[in-house]
Amino acid sequence: MPYNATIHENVARNYVSRSVSLPAPRSVAELYAERESQFLGVWERDDGWRVKAYGIPFNRPAARAEMVAAAKTKALEVLPSPQEDGTPGVGVVIVHDAEDYGFILVQWWANNIELHQDLFYAEIDEPGQLYPVPTKAFGCMYELEITDFERRLYMKLLREGEGVPDFDSYLSQTYGGRI
């Protein structure tokens, strides 16, 4: 479906209103249950970008293929040019196929120590249609577990490399397991 401003405005309104009116969880244990994370591979762009991709499914064995494909397309589209704003051309994409929406976090390192991000969402019944998140959300506790792992790894390699991380090593080390 091509971009339609009216549809996008309606979806954005729905997102904002639903974010405060979701149905009550069935139980605290269910709401905060562990979820399996999955490494989806390293995605590359012709200009040298390389990003580690992860999936976090909710009540399904894996993030849906349509959402993963849309996330890959969107991520490779929105990443800045390498070396723009000091970007080394490495980052992380998290595809969270959640209960109420799909969330796509596109994160990249810039200026050696900054993590930049674009955040998108999809309606649960249209996992291939991504829209910018119209709130100040940064990520949920599940997504931030992966972000924290990536931050710690990047910092460790930055220090070991005396200010120049080993990007091949960074890309080869991945988060795995339950969150």
Rounded to the nearest 0.5 Å, how far apart are [atom1] of [X] and [atom2] of [Y]?
X    : Y    : atom1 : atom2 : result
R35  : E145 : CZ    : CD    : 13.0 Å
I124 : D97  : CD1   : CG    : 5.5 Å
M155 : L157 : CE    : CG    : 11.0 Å
L105 : Q117 : CG    : CD    : 4.5 Å
E77  : L130 : CD    : CG    : 9.5 Å

For [X] and [Y], indicate whether the former's side chain and the latter's backbone hold a donor-acceptor pair under 3.5 Å.
X    : Y    : result
S37  : I146 : no
T73  : A70  : no
N112 : G163 : yes
Q38  : I56  : no
N111 : E114 : no

Do [X] and [Y] sit in one hydrophobic cluster, given that two such residues count as connected whenever their side-chain heavy atoms are within less than 4.5 Å of each other, even indirectly?
X    : Y    : answer
W108 : V133 : no
I94  : L171 : yes
V28  : I179 : yes
V92  : F167 : yes
V78  : W43  : yes

How far apart are the closest heavy atoms of [X] and [Y], and which atoms are they?
X    : Y    : value
G91  : W49  : N-CZ3, 4.1 Å
G55  : A63  : CA-CB, 4.5 Å
S81  : T87  : O-OG1, 3.2 Å
A75  : V93  : CB-CG2, 3.6 Å
F149 : Q173 : CE2-O, 4.0 Å
M67  : A122 : CE-CB, 4.5 Å

Contact between [X] and [Y] at the side-chain level, heavy atoms closer than 4.5 Å - yes or no?
X    : Y    : result
V51  : V90  : no
L153 : K52  : yes
F103 : Y142 : no
L115 : T147 : yes
F138 : E143 : no
W109 : P88  : yes

Self-check item: Pairs satisfying salt bridge (Lys or Arg N to Asp or Glu O under 4.0 Å), at least one member in residues 168-179, at least two apart
Solution: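 Checked against salt bridge (Lys or Arg N to Asp or Glu O under 4.0 Å) - neighbours excluded - the pairs reaching residues 168-179 are E34-R178, E36-R178, R50-D168.
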Quiz prompt | Test of ring centre spacing under 6.0 Å for Y121 and Y101 | solution =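 That pair passes the under 6.0 Å test.
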Quiz item: So, F39 versus Y175, ring centres under 6.0 angstrom or not?
Solution: no
Quiz item: Any cation-pi pair here, K74 with F120, using under 6.0 Å and within 45°?
Solution: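 Ring-cation test returns yes.
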Quiz item: With a cut-off of 6.0 Å (strictly less than), are more than 12 heavy atoms of other residues, nucleotides or ligands near CG of D46?
Solution: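 No, not enclosed.
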Quiz prompt | Side-chain donor-acceptor pair present, E123, Y131, cut-off under 3.5 Å | solution = no
